[in-house]
Amino acid sequence: PTFAGCGFSAQAHVSADIDGIFGGSAETQVRDLQWKCFTTVLMSMSGWSTANPDKQPFSWGEPYASINRMYLSLKMRLTPYFYSISRIAYELGTPPIRAMVMEFPDDDFLLQPSVGSGQQFMAGPAFLVAPVYKALEETKVRDDIYLPAGDWVDFWSGAILSGPQHLYGYEVPLEKLPVFVRAGAIIPMWPAMRYAGELPVDTLTLDIYPDGKSSFELYEDDGVTRAHEKGDFAKTPIVCTAPGQAMKNGGVVNVTVGPTVGRYRDQLQKRTYMVKLHVAEAPSEVFLHTSSGVTKLKAMGSKSALGWEQRGWFYDRTMAYFANPYSYTFSSWQQAFSTTGQDCSTGDCPPWHHQVLIVKVPTEIGDKFELTINVRTAHSAKFASNAGEFLPQVHLSRLFLDDSAAAEPVAARAAAVATAHIHGAGGLVVPAAVEEQRGFHGLVQLWGLLGGVVLGLAAVSGRCRGDFRGEGADTVSRGLMVHEPEE
């Protein structure tokens, strides 16, 4: 409530000591850091308490350090999103951390004091964040999360829920912060990196949840000096036009990235956009419109193949496995994740997966492009038994690793990782292990009939590359959080 209240007083950037100055615990430190990763400023102090470790995110050891690393990695990737809405605060006074009523002034419920109006907030226009403020020994759920009118996507499960409604009994194991993405959101994201400048940002992901017409203005400057005060900055308009509830029902989706206007020191002259659309079915066709004409983009057979092409698209149905922080050790990190406490490594849990369209488009600063995507009707999408809840995709590995197909995979660091992912309209690719060698990768394709039963082995293929960038490598970089011991 304090952070949201400061926004009403035109204080754009507000922070507080993570886990306070005195006292604290491993659990309160994790819970505090989680939601503050959705603010623009973090303060991690050494603390004045002599009874506990200092307040660094690694102080309490595992699994707490791994959970903190997850959220800090997400915060790093969201830098262009928060930097852009910080510019809005600079120009208009609208704060990045917004009280619910600020985003939904016509919702009468939010005018009354309640948990739903005071114990959650909007991080910019896209994210609804509901901090967990009760200990796990008291309750393992978060109650009274209020979703205003419209569709909302559970950031973790991918479930689409329709508001207005109150959520009760929402499970919150220590690694899970309730976060919901507003339908229509356009979220720019950097590649995964540990600090600004570690990697070039010439690949930018646009994470889009199509629903009606929505827009976002990407703001950039040199990130170091105050030259922006003299006009040295650039803005890029991004617009998505789609039918209502396109995430559920499909239809024609148009994404337009306008020419970048403005200049600043060391500005990129070329950039590759990875446009991610959360839709329930693969498209029938994807067209790219530029000043040179219209091009029908080619569908790639894998995310790895997309990485080698200049442009194209791939519909990702990746099985997403990554470390469960509760059972984390350096020797057992490949256990499947479970938010329910079940051991999914035995196959007892439903398979987590993605259903995300990825379109790769290279461009030059100053150029405009438009994508026209014909998304099939979601005839085979599954609805949950709960009224108003739709389950087209699950996003469990998205936070921690770069989802750019142009990025270098990390699989050379991990051997014999069991994982799988589904491709296209029924093809199932199951790399049983990751070969830790240069210049080779294997692809085992299993084609299944509708109904989910795999009947036969279809093909085995390999290809030589100068660097290890194989299908198995891509699977691991997409679906696993790889932990390395510090030197």
is_close_aromatic(Phe180, Phe127), centroid dist under 6.0 Å: no
Spacing of NZ belonging to Lys276 relative to CE belonging to Met189, to within rounding of 0.5 Å: 6.5 Å
Side-chain touch Leu277/Val356, heavy atoms, less than 4.5 angstrom: no
Exercise: do Asp207 and Tyr81 side chains pair donor with acceptor under 3.5 Å: no
Neighbour count >12 (heavy atoms, 6.0 Å) for atom CD, Glu91: yes
N/O donor-acceptor pair under 3.5 Å between Asp143 side chain and Gly169 backbone: yes
Evaluation steps, salt bridge (charged side-chain N to carboxylate O under 4.0 Å, His left out), between Arg182 and Glu103: CA-CA 11 Å; Arg182 192 177 185 177; Glu103 277 293 300; 2.6 Å; yes
Whether Phe121 and Trp35 hold their rings parallel, tilted or perpendicular, with breakpoints at 30° and 60°: perpendicular
Donor-acceptor under 3.5 Å (Ser84 side chain, Leu218 main chain): no
Residue pair Asp151 / Tyr209, side-chain donor-acceptor N/O under 3.5 Å: no
Check: Leu177 main-chain N/O paired with Trp156 side-chain donor or acceptor under 3.5 Å: yes
Short side-chain to backbone donor-acceptor contact, Gln34 and Leu174, under 3.5 Å: yes
Mutual orientation of the aromatic rings belonging to Phe155 and Phe38 [parallel < 30°, tilted 30-60°, perpendicular > 60°]: perpendicular
Within 45° cone and under 6.0 Å: Lys36 NZ/CZ vs Tyr71 ring: no
Any Met100 side-chain heavy atom under 4.5 Å of Leu128 side chain: yes
Min side-chain heavy-atom separation Arg142-Gln119 under 4.5 Å: yes
His13 and Tyr90 aromatic centres sub-6.0 Å: no
Whether Gln120 side chain and Pro178 backbone form a donor-acceptor pair below 3.5 Å: no
Face-on cation placement of Lys176 at Tyr170 ring, 6.0 Å and 45° thresholds: yes
Any donor-acceptor N/O pair, Asp32 side chain to Asp19 backbone, under 3.5 Å: yes
